[in-house]
Amino acid sequence: MPLTPHVPTAPRARRGRGPAVTAGVLALTLLPLTGAAATGPDVRWATTTATAQTPQVFDDEAGGDADADDPALWVSPTAPADSVLLGTLKNGGLDVYGLDGSRLQHLDVAPTPDGAEEGSRYNNVDVVRGARLGGRVVDLAVVSDRGRDRLRLFEIDPRGAAAGAEVLRDVTAADAAPVFNTTETAVDEQRNAYGLAAGLAPDGGVQVLTTRRNTTEFAVLELVPAADGTVGYRQASRQALPAAFTLPGGSTWAPCEEPGEGPQAEGVVHDAVGGAWFVAQEDVGIWRITVDGDRAASRQLVDTVRGFGVPATYDEDTETCRVTGADPGVSGTHLSADVEGLTLLRGGDGAGYLLASSQGDSTFAAYALEPGPDAPPRYVGGFSVVDGAPAAEGGPAVDGVQHSDGATLTTADLGPAFPHGVFVSHDGEATPTATGEDGSDRVATNFKLVPLERITAPLGLTR
């Protein structure tokens, strides 16, 4: 949900209240950030447009409560034009699209177990290629089911778009257990698996980092093949990000949240080259985390949101956060809360860039990944995706991106439409809006596809 810096315009949706989280309430001294300057000779800005989009979905009963959230790309190694886009639709399930945005396949959410109060809700998705599981090498889509606190696993047909309505096949093990909770009753409280990214382990297996809704916790999971050809998972580690921060001068600050909630994280991306995970803690900033076995080997806050450190208190009457003190002047300058989707650009020359969704102002920030594990990413500029001009043949323009939840990209040549790669973003306010039978506006969301060179060229991102 879009936020002004640390002051929610509306409360986050809640599905049951659990106990206050204490595991992630850790103090941390804020260090100066390399990317703190918002201007300079190397900082650039781009305004670009999308050339394709997926069909609008609607978060109402007539639309199957579909709400687009997070995209992922599967790139075909043999027929790039047959690469596909995956997109989660929360209660609406999971869609597969061709590169022209057309829907190829729709998968409903998993059935609700008997006696459960809450149904499945597909939140984030990622793709991992070349996974070695049970003597097989497969490509997988990994989905966080925030409704039932599970991972859902899907095998990807190597034909890609040529497989039509059979691109994905559910291979989730029948005995897949909750990620964070120990009982189904606790699952119904909805402090469940939320954000997610997957990556190959050194042995060819798959690691998944998933965050936990309404808390600061995250877990690293390992996928495990079952004898029947399905795929399960086991928890390798479980940790927490800080929920409070010691500011210069000694005062302690925590972002304003609803009572009983912690500053959650959602956007996650795995950096295979750097051996790290980048995690977006929505009301705080971006973390770079390395994991060694059952512990976080390193944890570095590489940039913060605007309003970081500003004291505020939640007002139960207005259901908003009210600023209660002076701005200490220690916040970042590039991200407006929530910081959401993260994606990586790795070029053939070894250069790397992190792109982050600044949901509060509907922009994206770009950071250069500097060599060395302790060098924080360096802010190099940003961009926005705006409404395009009508097509030459008189067709409608593709509208811009507002309040993006998730993003992904590839630098691969995907054929005539995207010869230099593509950037894909969730659009939280797809237009034109539709009207329901009662005359009210229907909330529409979808995914936008932008030729990657429209971002890399004006920002000077080498690839």
Q.
Do N214 and Q190 pair up side chain to side chain, a donor and an acceptor below 3.5 Å, judged on atom types alone?
A. no
Q: Write down the atom of G147, the atom of E118, and the distance for their closest heavy-atom approach.
A: O-CB, 4.1 Å
Q) So among R152, R150, R213, which one has a salt bridge (charged side-chain N to carboxylate O under 4.0 Å, His left out) with D145? A) R152
Q | Closest non-hydrogen atom pair between Q359 and S404, with its separation | A | NE2-O, 3.6 Å
Q: Give the ring-plane orientation class for F447 versus H426, where under 30° counts as parallel, over 60° as perpendicular and anything between as tilted.
A: perpendicular
**Q.** For T431, all residues meeting side-chain hydrogen bond (donor to acceptor under 3.5 Å, both in side chains), sequence neighbours excluded
**A.** D399
Q) Would you say the side-chain atoms of T363 pair up with the backbone N or O of S384, donor to acceptor, closer than 3.5 Å? A) no
Q) Checking D315 side chain against D317 main chain: does a donor-acceptor pair fall under 3.5 Å? A) yes
Q. With respect to R442, which candidate in D67, D59, D60 satisfies the salt bridge (charged side-chain N to carboxylate O under 4.0 Å, His left out) definition?
A. D60
Q) salt bridge (charged side-chain N to carboxylate O under 4.0 Å, His left out) with D139: which residues, sequence neighbours excluded? A) none
Q: Tell me, please, which residues at least two apart from D65 pass salt bridge (charged side-chain N to carboxylate O under 4.0 Å, His left out).
A: none
**Q.** Interatomic spacing from CD in E189 to OG1 in T183 - rounded to 0.5 Å
**A.** 9.0 Å
Q: Go through L241 and V284 one step at a time and tell me if the side-chain contact (heavy atoms from CB on, under 4.5 Å) criterion holds.
A: CA-CA 10 Å; L241 292 170; V284 175; over 6 Å; no
Q | Results of salt bridge (charged side-chain N to carboxylate O under 4.0 Å, His left out) for D126 - residues two or more places apart only | A | none
**Q.** Y233 side-chain N/O to Q207 backbone N/O, donor-acceptor pair under 3.5 Å
**A.** no
Q. Closest heavy-atom contact between Q235 and V179?
A. NE2-O, 3.1 Å
**Q.** Value rounded to 0.5 Å, distance of OH in Y367 from CG in L461
**A.** 13.5 Å
Q: Quick one: pull up CG in D413 and NE2 in H420 and give me the separation to the nearest 0.5 Å.
A: 8.0 Å
**Q.** Non-hydrogen side-chain atoms of T51 and P451 separated by less than 4.5 Å
**A.** yes
**Q.** 4.5 Å side-chain heavy-atom contact, V450 and V401
**A.** no
Q. Do L94 and F154 have side-chain heavy atoms sitting under 4.5 Å apart?
A. yes
Q) Is the closest side-chain heavy-atom distance between T445 and K90 below 4.5 Å? A) no
Q. Looking only at atom types and distance, does a side-chain atom of D95 sit under 3.5 Å from a main-chain N or O of G87, one as donor and one as acceptor?
A. no
Q | Residues forming a ring pair (Phe, Tyr, Trp, His ring centres under 6.0 Å) with F364, sequence neighbours excluded | A | F383, F423
Q: Over 60° means perpendicular and under 30° means parallel, so classify the ring planes of H334 and Y379, tilted if in between.
A: parallel
Q. Under 3.5 Å, is there a donor-acceptor pair between the N192 and R146 side chains?
A. no
Q: Kindly compute the distance separating CD (E258) from OG1 (T320), expressed to the nearest 0.5 Å.
A: 10.5 Å
Scan the side chains in residues 160-169 for donor-acceptor partners under 3.5 Å anywhere in the protein, sequence neighbours excluded, and list what turns up.
from, atom 1, to, atom 2, distance (Å)
R169, NH2, E155, OE1, 2.9

Q.
side-chain contact (heavy atoms from CB on, under 4.5 Å), that's the test. Do R306 and D361 meet it? Break it down for me.
A. CA-CA 11 Å; R306 300 180 180 99; D361 60 3; 3.1 Å; yes
Q: Side-chain contact test, heavy atoms from C-beta onward, threshold under 4.5 Å: evaluate it for E184 versus P178 and give yes or no.
A: yes
Q: Using the test side-chain contact (heavy atoms from CB on, under 4.5 Å), find all partners of T49 that sit at least two apart in sequence or belong to another chain.
A: V386, R454
**Q.** Sequence-distant partners of D100, side-chain contact (heavy atoms from CB on, under 4.5 Å), two or more places apart
**A.** S102
Q) Does S357 use its side chain to pair, donor to acceptor, with the backbone of D405 at less than 3.5 Å? A) no
(Q) Salt bridge or not between D149 and R212? Use side-chain N to carboxylate O under 4.0 Å. (A) no
Q: Decide side-chain contact (heavy atoms from CB on, under 4.5 Å) for L133 and L140; before the verdict, give the C-alpha distance in whole Å, the side-chain angles of both, and the deciding distance to 0.1 Å.
A: CA-CA 10 Å; L133 295 169; L140 292 173; 3.4 Å; yes
(Q) How long is the straight-line distance from CG of D70 back to CG of L86, given to the nearest 0.5 Å? (A) 10.0 Å
Q) Does D157 have any salt bridge (charged side-chain N to carboxylate O under 4.0 Å, His left out) partners at least two apart in sequence or in another chain, and if so, which? A) R159
Q) Of the options T408, T410, L409, L452, which is the one that meets V424 in a side chain to side chain contact (heavy atoms under 4.5 Å, CB included)? A) T408
Q.
Within the 4.5 Å heavy-atom criterion, are F218 and Q239 side-chain neighbours or not?
A. yes
Q: For residues V127 and W74, report the shortest heavy-atom separation together with the two atoms involved.
A: CG1-CD1, 3.9 Å
Q) For G400, does its backbone N or O pair with a side-chain atom of D387 as donor and acceptor, under 3.5 Å? A) yes
Q. Checking Q281 side chain against P242 main chain: does a donor-acceptor pair fall under 3.5 Å?
A. yes
(Q) Any side-chain to backbone donor/acceptor pair from Y122 onto D69? Under 3.5 Å, distance only. (A) no
(Q) Test of understanding: with ring pair (Phe, Tyr, Trp, His ring centres under 6.0 Å), list the residues that count as partners of F180, not counting sequence neighbours. (A) none
Q: Could you tell me whether the side chain of V422 reaches within less than 4.5 Å of the side chain of L85, counting heavy atoms only?
A: no
**Q.** Single hit among T211, T210, N123 for side-chain hydrogen bond (donor to acceptor under 3.5 Å, both in side chains) with E266
**A.** N123
**Q.** 4.5 Å side-chain heavy-atom contact, P263 and T216
**A.** yes
Q: Identify the two heavy atoms, one from A46 and one from L459, that lie closest to each other, and give their separation to 0.1 Å.
A: N-CD2, 3.9 Å
Q) Sequence neighbours excluded, which residues qualify as side-chain hydrogen bond (donor to acceptor under 3.5 Å, both in side chains) partners of D170? A) T172
**Q.** Trace of the side-chain contact (heavy atoms from CB on, under 4.5 Å) decision for W253 with F308
**A.** CA-CA 8 Å; W253 174 83; F308 181 95; 3.5 Å; yes
**Q.** Heavy-atom closest pair, residues V109 and S120
**A.** CB-CB, 3.6 Å
Q. Who pairs with T230 by side-chain hydrogen bond (donor to acceptor under 3.5 Å, both in side chains), at least two apart in sequence or on another chain?
A. D228
